[in-house]
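Only one structure is covered here, and it is reproduced in the block below.
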Amino acid sequence: MPELPEVETVANGVNERVRGLRIESVWLSFKPQTFKTPAAEMLELLEGRRIERVRRVGKHIVFDLEDGDLEDGRRPHSEPGNDGKLQWIVHLGMTGRLLVSEPEVPVPTHTHAVLRLSSGRELRFVDARRFGRLAIHRVADEGEGFQGPGQEPLSISVQDFVRLFRGRRLAIKLALLNQSLLHGVGNIYADESLFRAEIRPRRMAGRLRRAELERLHVSIQSVLREAIALGGSSVSDYVDAAGVAGFFQLEHKVYMRTGQPCLVCGTAIRKVVMGGRSTHYCPQCQH
DNA sequence: ATACCGACCTGTCAGC
DNA sequence: TGCTGACAGGTCGGTA
């Protein structure tokens with residue numbers, strides 16, 4: 001499902017609804033693949049913590065956690081050797097959702113985590129295909145916390161962006177999907193950015209001219225910012241923390257428009273497969 | 001370093 | 001109506 005704009009929308013929505021709340025109790029599905037940190041350990045570490053805030057890093061949602069106070073003022077997790085700061089890391093995979101719901105709302109099928117919060121509401125992680133992942137990240141002393149694998153597309157400078165692709169002997173489309181270079185761009189926004197920058201997806205990353213990379217840098221940032229402003233793209237089932245769909249799919253110029261006329265020149269949009277992913281482009285506008 | 005493939009999963013939709 | 005196959009926003013690991 002989700003790329004940077006969708007993850008950002010979810011993270012912001014969840015943050016507004018859960019920031020400052022205490023995690024009173026936790027239920028987990030114990031499906032092993034979902035839990036990068038073993039579920040029993042995660043359960044133990046989450047219960048009683050307070051959620052300081054929720055934000056996006058790449059395609060990951062990061063919950064900064066604090067020790068939660070018990071009624072008698074003791075701190076349940078401050079035993080020796082267990083006092084580092086923790087983060088709860090959520091990756092939505094293809095179909096993952098984070099929903100903040102009233103407890104009366106029936107729990108959807110494929111729910112893998114339920115956090116009962118001090119507001120009385122529940123934070124639910126629902127993921128039909130189970131490509132999503134949950135983990136606890138322990139913040140090293142004086143560390144910055146979870147950083148993600150690559151650089152942030154919204155804040156990377158042109159110089160760093162250009163440097164990222166220097167000497168890379170792979171197609172620019174595949175380079176954009178490589179999360180250890182830039183993190184957050186997925187299949188939709190790779191195609192849409194390349195269209196805006198008028199670059200063919202098969203062009204070799206290391207052979208792009210500086211002017212082309214500069215166009216791509218601008219295109220990626222503008223596409224992502226516009227998509228965030230519209231709440232992301234809802235192609236089939238993506239929804240935000242309140243269960244509301246996004247609208248950026250209405251702005252797609254090439255993604256899922258195979259055979260339809262290019263909105264700039266009228267040429268039929270072409271679809272090819274690259275790295276096992278559908279890739280859409282205009283053979284006239286993109287060079 | 002890169003390319004390509006299958007694997008991991010369920011749901012949906014087109015075609016027969 | 002029901003079955004089959006293709007495909008879907010993502011990543012990982014193996015083998016060239």
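Below, chains carry the letters A, B, ... as their sequence lines are ordered, and counting in each starts from 1.
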- Task: Would you tell me if any nitrogen or oxygen in the side chain of A:H91 comes within less than 4.0 Å of OP1 or OP2 on C:dG10?
- Result: no
- Task: Take the protein atom CE of A:M274 and the nucleotide atom P of C:dA8, then report the distance between them rounded to whole Å.
- Result: 15 Å
- Message: How many whole angstroms separate atom CD of A:Q33 from atom P of C:dC12?
- Response: 12 Å
- Message: Considering every strand and a 4.0 Å limit on heavy-atom distances, what is the contact class for A:S234: base, sugar-phosphate, or nothing?
- Response: base
- Query: Once you round it to whole Å, what is the distance between C1' of C:dC12 and NE2 of A:H183?
  - Reply: 19 Å
- Partner of C:dG2 by Watson-Crick or G-U wobble geometry, both contacts under 3.5 Å, or none? B:dC16
- Message: If the threshold is 4.0 Å, N to carboxylate O, is there a salt bridge linking A:R121 and A:E104?
- Response: no
- Query: For A:Y238 and C:dG10, what is the distance between atoms OH and C1' respectively, to the nearest whole Å?
  - Reply: 16 Å
- Task: Search all heavy atoms of A:G132 against all heavy atoms of A:D127 and return the closest pair with its distance.
- Result: N-OD2, 2.8 Å
- Task: May I have the distance from A:I61 (atom CD1) to C:dG10 (atom C1'), rounded to whole angstrom?
- Result: 14 Å
- Item | Side-chain N or O of A:Q179 closer than 4.0 Å to phosphate OP1/OP2 of C:dT11 | yes
- Message: Taking the basic N atoms (NZ, or NE/NH1/NH2) and the acidic carboxylate oxygens, is any pair closer than 4.0 Å for A:R207 and A:E212?
- Response: no
- When you check the gap from the basic side-chain N to the acidic O, do A:R210 and A:E214 get nearer than 4.0 Å? yes
- Message: At 4.0 Å (heavy atoms only), tell me whether A:Y255 reaches a base, stays on the sugar-phosphate, or touches nothing.
- Response: sugar-phosphate
- Between A:K85 and A:D64, is there a salt bridge with N-O shorter than 4.0 Å? no
- Item | Interatomic distance, A:M256 CE vs C:dC7 P [rounded to whole Å] | 11 Å
- Could you measure between the two P atoms, the one in C:dA6 and the one in B:dC5, and give it in whole Å? 15 Å
- According to the interplanar angle, ranging from 0 to 90°, do the rings of A:F146 and A:H137 count as parallel (below 30°), tilted (30 to 60°) or perpendicular (above 60°)? perpendicular
- Task: Give the rounded distance in Å between these two atoms: CZ of A:R133 and P of C:dT11.
- Result: 11 Å
- Between which nucleotides of DNA chain B, 5' to 3', does chain A make heavy-atom contacts below 4.0 Å? B:dT2 to B:dG11
- Note on the structure: Separation of C:dA8 atom P from A:F131 atom CZ, nearest Å, is 12 Å
- When you compare B:dA7 with C:dG5, how far apart are their P atoms, in angstrom units rounded to a whole number? 15 Å
- Query: Does a side chain donor of either A:R116 or A:S25 reach within less than 3.5 Å of an acceptor in the other side chain?
  - Reply: yes
